[in-house]
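What's counted below: heavy atoms across the whole structure, side chains too, no hydrogens, waters or symmetry copies.
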Amino acid sequence: MIEGPEYVEHYVDFVDGIKYRNQLLDGYIFKFRGESSGAEDVLKFALNAEVAAIGPNFTTRTMEYLGEMADIGLTYRP
């Protein structure tokens, strides 16, 4: 667990072939903002995972964020 200025982050590192939708994961991170409902789930895929193959399984939704409407959904950062 790491307490940063913006989020509290919980890290879980995976070993031995943990998969999400048949793609290998290296870890999972749960981030949340204290005293708010803001949170983020992060899946860390293995270097050899085919992340593009699971993108269609995620949907985007529009919600109010910091007083404006924003599209919230899958973000992929290699």
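Among residues two or more places apart in sequence or in another chain, the side chain to side chain contact (heavy atoms under 4.5 Å, CB included) test is passed with Phe58 by Tyr20, Ile54, Leu74. Judged as a side chain to side chain contact (heavy atoms under 4.5 Å, CB included), and not counting sequence neighbours, the contacts of Thr62 are Met69, Asp71.
Looking at heavy atoms from C-beta onward, Arg33 lies in side-chain contact with Tyr7 at the 4.5 angstrom threshold. By the 4.5 Å heavy-atom criterion applied to side chains, Val51 and Gln23 are not counted as neighbours. Looking at heavy atoms from C-beta onward, Leu25 lies out of side-chain contact with Lys44 at the 4.5 angstrom threshold. Side-chain contact between Phe45 and Asp26 is absent, with no heavy-atom pair separated by less than 4.5 Å.
Expressed to the nearest 0.5 Å, how far NE2 of His10 lies from NZ of Lys31 amounts to 12.5 Å. For the atom pair Asp13 CG and Ile29 CD1, the distance stands at 8.5 Å (nearest 0.5 Å). Here the OH-CZ distance, from Tyr28 to Phe14, works out to 8.5 Å after rounding to the nearest 0.5 Å. Distance check, rounded to the nearest 0.5 Å: CZ of Phe30 to CD of Glu9 gives 11.0 Å.
The shortest non-hydrogen separation linking Ala52 to Pro56 is O-CD, 3.6 Å. When all heavy atoms are compared, the tightest approach of Ala49 to Leu24 is CB-O, 3.8 Å.
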Start with the C-alpha gap between Glu40 and Phe32, add the side-chain angles, then the distance that decides, and say whether side chain to side chain contact (heavy atoms under 4.5 Å, CB included) holds.
CA-CA 6 Å; Glu40 181 177 344; Phe32 69 93; over 6 Å; no
